[in-house]
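Some notes on the structure that comes next.
Quick caveat: nothing in here was measured; it's all calculated off a predicted structure.
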Amino acid sequence: MRLQHYHKAFGGEKWKTNVLLTAFLCPGIVFADFFLMNLILWGEGSSAAIPFGTLVAILALWFCISVPLTFIGAYFGFKKNAIEHPVRTNQIPRQIPEQSFYTKPLPGIIMGGILPFGCIFIQLFFILNSIWSHQMYYMFGFLFLVFIILVITCSEATILLCYFHLCAEDYHWQWRSFLTSGFTAVYFLVYAVHYFYSKLQITGTASTFLYFGYTMIMVHIFFLFTGTIGFFACFWFVTKIYSVVKVD
């Protein structure tokens, strides 16, 4: 419902496509990756393979619960009034002046993920150890604290870069805010590759495929999570600063 509400607020017209992508894109990628990993386990004759009946049950939960709830939420979100922007925007877009190096999209996106990743990489090492090296993880209180720091850092880094872009008269902040904090997942992936070659002693092709398959699931979800934080933080920031603008 919330996603459809924001889609309507930004003047989105392809709401049916938006609903279908919401219901099928992210779960479909995760399920396809998970199913491929399970096929490898079946081929290896591993006892860790998920039974076929369990996969059918997961599909049933997806299509019978998740998808209908997405459609219901989209219906109510579409029926709600659009979010009122604090100022009126011009129908004709303004020309964006030539940007300096650090306000261009790619450098800003790459720089935006460094600080959030710096907050989590130590805990990431312990989490990967608990998953792949069979070590006990017990610092859940500290993990929650790191989670809060990650949310704050993603928000602040994205808002700061968004402010620089607005000062440079570049108003294309929506996707850039999502990608700026979402780029933390790219550093996550790079660290996972480094961890694989420096800490693990995995030699089999199937085991290597499984490691990177499950890592891609984590990276994908982490990308959506951090990107969403950055977008909502910038949306709140832009709304606040333009709500105090005096329009004569």
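Listed by chain and number, the residues in a salt bridge (charged side-chain N to carboxylate O under 4.0 Å, His left out) with E156 amount to none (sequence neighbours excluded). For the side-chain hydrogen bond (donor to acceptor under 3.5 Å, both in side chains) test, no residue two or more places apart in sequence or in another chain qualifies with N38.
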Quiz prompt | Check against side-chain contact (heavy atoms from CB on, under 4.5 Å), F63 and F24 | solution = CA-CA 9 Å; F63 284 99; F24 295 107; 3.4 Å; yes

Exercise. Please report the C-alpha distance between F125 and K199 in whole Å, then the side-chain angles of each, then the deciding distance to 0.1 Å, and finally whether the side-chain contact (heavy atoms from CB on, under 4.5 Å) criterion is met.
Key: CA-CA 10 Å; F125 170 77; K199 301 297 182 181; 4.0 Å; yes

Quiz item: Would F71 and L20 satisfy side-chain contact (heavy atoms from CB on, under 4.5 Å), going step by step from the backbone distance to the final call?
Solution: CA-CA 8 Å; F71 289 150; L20 291 175; 4.1 Å; yes

Practice problem: Any chance you could lay out the side-chain contact (heavy atoms from CB on, under 4.5 Å) test for L61 and S66, step after step, and finish with the verdict? | Solution: CA-CA 7 Å; L61 290 173; S66 177; over 6 Å; no

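Connection of I148 to I120 is established within a shared hydrophobic cluster, with ILVMFWY side chains joined at heavy-atom distances below 4.5 Å, either directly or through further cluster members. Both F140 and V151 are part of a single hydrophobic cluster, where members link through side-chain heavy atoms under 4.5 Å apart. Put simply, I241 and W173 are part of the same group of oily side chains (I, L, V, M, F, W, Y) that touch within less than 4.5 Å, one to the next. L25 and L36 fall into different hydrophobic clusters, where Ile, Leu, Val, Met, Phe, Trp and Tyr side chains are chained together by heavy-atom contacts under 4.5 Å. Hydrophobic clustering (ILVMFWY, side-chain heavy atoms < 4.5 Å, transitive): V56 and F31 are in one cluster.
The six-membered or imidazole ring of F223 lies near that of F178, with a centre-to-centre distance under 6.0 Å.
Taken from CD1 in I159 to SG in C234, the straight-line distance is 6.0 Å, to the nearest 0.5 Å. Here the CG-OG1 distance, from L59 to T54, works out to 11.5 Å after rounding to the nearest 0.5 Å. With rounding to the nearest 0.5 angstrom, the CD1 atom of I122 is 10.0 Å from the SG atom of C119. Between the CG atom in L21 and the OG1 atom in T70 there is a gap of 11.5 Å [rounded to 0.5 Å]. Interatomic distance, CG of L210 versus OG1 of T215, reported as 10.0 Å (0.5 Å rounding). Annotation: the span from H220 atom NE2 to M218 atom CE amounts to 13.5 Å, rounded to 0.5 Å.
The side-chain contact (heavy atoms from CB on, under 4.5 Å) with P116 is formed by just one residue from the set T226, I229, T153; it is T153.
Using a 4.5 Å heavy-atom cutoff, the side chains of L150 and F117 are not in contact. In this structure the side chain of I114 never reaches within 4.5 angstrom of the side chain of F183, judged on heavy atoms.
Ring-plane geometry between F225 and F147 is classed as parallel, the angle between the planes falling under 30 degrees on a 0 to 90 degree scale with a further cut at 60. Using cut-offs of 30° and 60° on the angle between ring planes, the pair Y214 and W132 is tilted.
Heavy-atom minimum distance, P68 versus C64: CG-O, 3.4 Å. Residue L161 comes nearest to G112 through the heavy atom pair CD1-CA, 3.7 Å, listed as atom of the first residue, atom of the second, then distance.
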Can you list, pair by pair, the side-chain donor-acceptor contacts under 3.5 Å of residues 184-196, counting residues two or more places apart and other chains?
unit_1	atom_1	unit_2	atom_2	d
T184	OG1	S181	O	2.8
Y187	OH	I110	O	2.7
Y195	OH	N129	OD1	2.5
Y195	OH	S133	OG	3.2

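Within a 6.0 Å sphere centred on CZ of F142, other residues, nucleotides and ligands contribute 12 heavy atoms or fewer. No more than 12 heavy atoms of other residues, nucleotides or ligands sit less than 6.0 Å from atom CZ of F209. Residue W175 qualifies as open at atom CH2: its count of foreign heavy atoms under 6.0 Å is 12 or below. Within 6.0 Å of CZ on F212 lie more than 12 heavy atoms contributed by other residues, nucleotides or ligands.
Remark: the backbone N or O of I50 is paired with a side-chain donor or acceptor of W42 at under 3.5 angstrom.
Between R176 and D170 there is a salt bridge, since a side-chain N of the basic residue sits under 4.0 Å from a carboxylate O of the acidic one.
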